[in-house]
Number of protein chains: 2
Amino acid sequence: MLVATLADVARRAGVSTATVSRIINNSPKPVADALRERVLAAVAELDYVPNANAQQLARADRTAVGVIVHDVSDPYFAEITRGLQRVATEHGRLVIICNSYRDPERELAYVDLLHAHRTAAVVLTGSGYIDPATTARLDHKLRLFEATGGRVAVIGRHEHAGDAIVPENEHGGWLAGDALYRLGHTSIGVIAGPAHLTTTADRLTGLHRAAHDHGHNLTTRHIEYAGFDRNGGHAAAAILLNRNPGLTAIAALNDSMAVGALALLRERGLEVPAQISLIGFDDMPISVDVTPPLSTVRLPLEEIGARAMSLALREDGTDPQVEHVAAHLVLRASTAPPR
Amino acid sequence: MLVATLADVARRAGVSTATVSRIINNSPKPVADALRERVLAAVAELDYVPNANAQQLARADRTAVGVIVHDVSDPYFAEITRGLQRVATEHGRLVIICNSYRDPERELAYVDLLHAHRTAAVVLTGSGYIDPATTARLDHKLRLFEATGGRVAVIGRHEHAGDAIVPENEHGGWLAGDALYRLGHTSIGVIAGPAHLTTTADRLTGLHRAAHDHGHNLTTRHIEYAGFDRNGGHAAAAILLNRNPGLTAIAALNDSMAVGALALLRERGLEVPAQISLIGFDDMPISVDVTPPLSTVRLPLEEIGARAMSLALREDGTDPQVEHVAAHLVLRASTAPPR
DNA sequence: GCCTGCCAGGAAAGCGCTTACCTAAGGGGA
DNA sequence: TCCCCTTAGGTAAGCGCTTTCCTGGCAGGC
């Protein structure tokens, strides 16, 4: 039960703790080879593992990086997280992943927690909340964290602390809408994400703009809000279909929901895209494996994660940076002109 | 840049650090309300956030839990991780997720790192390595960690430290094989995972046993090893098909590979299951969304994660426990008798 | 009115490290 | 030969907390 400490190692090797510390951290200070070996032997014999908390405290340096995501098991975040991790690992950083499960309070609590642990940076991924009070509190906490020497990077959010990676959600929404209108669709249903998320709002804005550009109008009866997952898409598609008999196309604000919608369409015996077109968003891996493969708006998720981490980890003290990431239309087989 | 410390708060409130500490941790020791308010006000004014490293050091308690997975962005681990996280959160624990990317050295390094951070527990998920040297080193490190008061839980591995959740991989393999033979298939190709992983070996053993039980034999020409992902399955299916013209069924050792195989089969114009049957493993979410929906062997991934975390977090000092998790056959539309 | 007992609050000793500073010994130059 | 400089290694002062133990003041009992 008892853990070997630096002092134990020093005692065993017959040297001072300073020497042991220097050897372990191979500090530039030269140490006689004989001593070094004695110490290393003692370390091995005692199975000594330094106490990282004590090290952090004494050194006052920041090593780990905290990442707050809505839910790692969601493929969207899984992709981003992979990019995040890759770059962090390249920099030799440990990543602490925290799932907020889209709960603003939990998100706030995690920021405090990462702050308390004096992580080098916190990366906040995924949609923010439209509620201004929450945003303000979060902003405040982030600034505080920065003020104490931590770095902040946000992905696809409207908070204005630290670096930011901003995917072109609005333009992406426009791309999806434009593609559909261009094909000749006029009655389009939209499966939106949760109404209180900025990502939902941004993508929807793009869709509205596309409608307007084509001389159409997206009314509330053509929009259904749902959870950003398969089940949400499934349920919303059913509602949309019941409410709008003439629907010839559905735009889902992410691919998971599109997959859910696709399942419902199949259940209803509707041919995609012959009878109804479907377009997703994000270009998640699954979109090529469903039948038909999904047309979608591609966001380079892994790259977004990687860039965010690069920003968060850069050493130069330059000002906060904002990088935009372009969305691209990916046409596959789920869209076609209405018949 | 300067962080407020306990001492700053104490000074500002005109009390000792002891009092502040007691108030902040609301220790049982009673404190006059007036003082408490003064201190809380000072905390708010200074935006004080306790230094978690110092707290850990002083308290010598263990709070966070470390989780080592192969890759969180892999749906298999994403599911498990979700269960892990859920339970950890219920216990108010912070989870540190580490991706080993199937590199034994990295895995070893992470165990050290979590040990160094004095996490309350480390949970090791996913297949272990067949190489005995690696296993022994890992075993040693885990035991060491336990000896210093940490808990260990492993999921689906053969290391023998701490608690263990063992999914019935072998029986699952048998179920898949048995189902196929029972349908009348005799020439079955197997898409296996990486050869050095125990999970691959275990599932394969079950398949061999099923073959044997039905009076057949699985030869090396019917087995192709690949990466546990979609691309691996795609490539392996091609090889298998070329090598065995008479193949009437393919068993993939996980669903991701099965999805890859399905894509290849479609490319080759082979109807599933009319011309060739396909069965997966794990029952990942995607398996219901491909066409045809995949027959597979279900492992309750989220539950496995949850149970592992429960074991790792239990307070009673009981002996290490081993819990087995049953695999179940899920027949969907990708399997049928050979024609 | 004095002594005892209780209680709120403070002083200080760590927790396990790192590191600035100091010491002692050895080597080289004059 | 003597002195000074270099250098390997040690001493000890923190890092920011927690917690044990102690103190001083007050109320109550005799």
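Computed from a predicted model, the values in this text were never measured in an experiment. Residue numbers begin at 1 in each chain, while the letters A, B, ... track the order of the sequences.
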| field | Salt-bridge present (A:Glu107, A:Arg157; N to O < 4.0 Å) | value | yes
Please tabulate, for the side chains in residues 74-82 of chain B, all donor-acceptor contacts under 3.5 angstrom to protein atoms that are two or more places apart in sequence or on a different chain.
unit_1: B:Asp74; atom_1: OD1; unit_2: B:Tyr76; atom_2: N; d: 2.8
unit_1: B:Thr81; atom_1: OG1; unit_2: B:Phe77; atom_2: O; d: 2.5
unit_1: B:Arg82; atom_1: NE; unit_2: A:Ser73; atom_2: OG; d: 3.0
unit_1: B:Arg82; atom_1: NH2; unit_2: A:Asp71; atom_2: OD2; d: 2.7
unit_1: B:Arg82; atom_1: NH2; unit_2: A:Ser73; atom_2: OG; d: 2.8

Give me the distances for all protein-to-nucleotides 12-16 of chain D N/O pairs that come in under 3.5 Å?
unit_1: D:dC15; atom_1: O2; unit_2: A:Ala58; atom_2: N; d: 3.4

| message | Run the ring-ring contact (aromatic ring centres under 6.0 Å, His included) test against A:His196 and tell me which residues pass, sequence neighbours left out. | response | A:Tyr129
| field | Residues which pass salt bridge (Lys or Arg N to Asp or Glu O under 4.0 Å) with A:Glu37, listed by chain and number, not counting sequence neighbours | value | none
| Summary of salt bridge (Lys or Arg N to Asp or Glu O under 4.0 Å) pairs that have at least one residue in residues 119-139 of chain A, sequence neighbours excluded | A:Glu105-A:Arg137
| query | Can a side chain N or O of B:Ser16 be found less than 4.0 Å away from OP1 or OP2 on C:dA11? | reply | no
| note | By salt bridge (Lys or Arg N to Asp or Glu O under 4.0 Å), B:Asp33 pairs with (sequence neighbours left out) none
Could you give the side-chain donor-acceptor pairs of residues 3-16 of chain B under 3.5 Å, partners two or more places apart or in another chain?
unit_1: B:Thr5; atom_1: OG1; unit_2: B:Ala7; atom_2: N; d: 3.3
unit_1: B:Thr5; atom_1: OG1; unit_2: B:Asp8; atom_2: N; d: 3.4
unit_1: B:Thr5; atom_1: OG1; unit_2: B:Asp8; atom_2: OD2; d: 3.4
unit_1: B:Asp8; atom_1: OD1; unit_2: B:Arg11; atom_2: NH1; d: 3.2
unit_1: B:Asp8; atom_1: OD2; unit_2: B:Thr5; atom_2: N; d: 2.8
unit_1: B:Arg12; atom_1: NE; unit_2: B:Glu45; atom_2: OE1; d: 2.7
unit_1: B:Arg12; atom_1: NH2; unit_2: B:Glu45; atom_2: OE1; d: 2.7
unit_1: B:Ser16; atom_1: OG; unit_2: B:Ala18; atom_2: N; d: 3.3
unit_1: B:Ser16; atom_1: OG; unit_2: B:Thr19; atom_2: N; d: 3.3
unit_1: B:Ser16; atom_1: OG; unit_2: B:Thr19; atom_2: OG1; d: 3.2

| task | Can you sort out the partners of B:Asp112 under salt bridge (Lys or Arg N to Asp or Glu O under 4.0 Å), two or more places apart, ordered by chain and number? | result | B:Lys141
Per-pair distances, 0.1 Å, donor-acceptor, side chain in residues 114-122 of chain B, under 3.5 Å, sequence neighbours excluded:
unit_1: B:Arg118; atom_1: NH1; unit_2: B:His115; atom_2: O; d: 2.8
unit_1: B:Arg118; atom_1: NH2; unit_2: A:Val49; atom_2: O; d: 3.2
unit_1: B:Thr119; atom_1: OG1; unit_2: B:Leu114; atom_2: O; d: 3.4
unit_1: B:Thr119; atom_1: OG1; unit_2: B:Ala121; atom_2: O; d: 3.3

| query | What stems involve DNA chain D, if each pair must be Watson-Crick or G-U and both of its distances must be under 3.5 Å, with 3 or more such pairs in a row? | reply | C:1-30 with D:1-30
| message | With the threshold set at under 4.0 Å for non-hydrogen atoms, list the residues of residues 20-36 of chain A touching DNA chain C in residue-number order. | response | A:Ser21, A:Arg22, A:Asn25, A:Lys29
| request: Could I get the full list of salt bridge (Lys or Arg N to Asp or Glu O under 4.0 Å) partners for B:Arg62, not counting sequence neighbours? | output: none
| field | 5' precedence on DNA chain C between A:Val49 and B:Val15 (nearest-nucleotide basis) | value | B:Val15
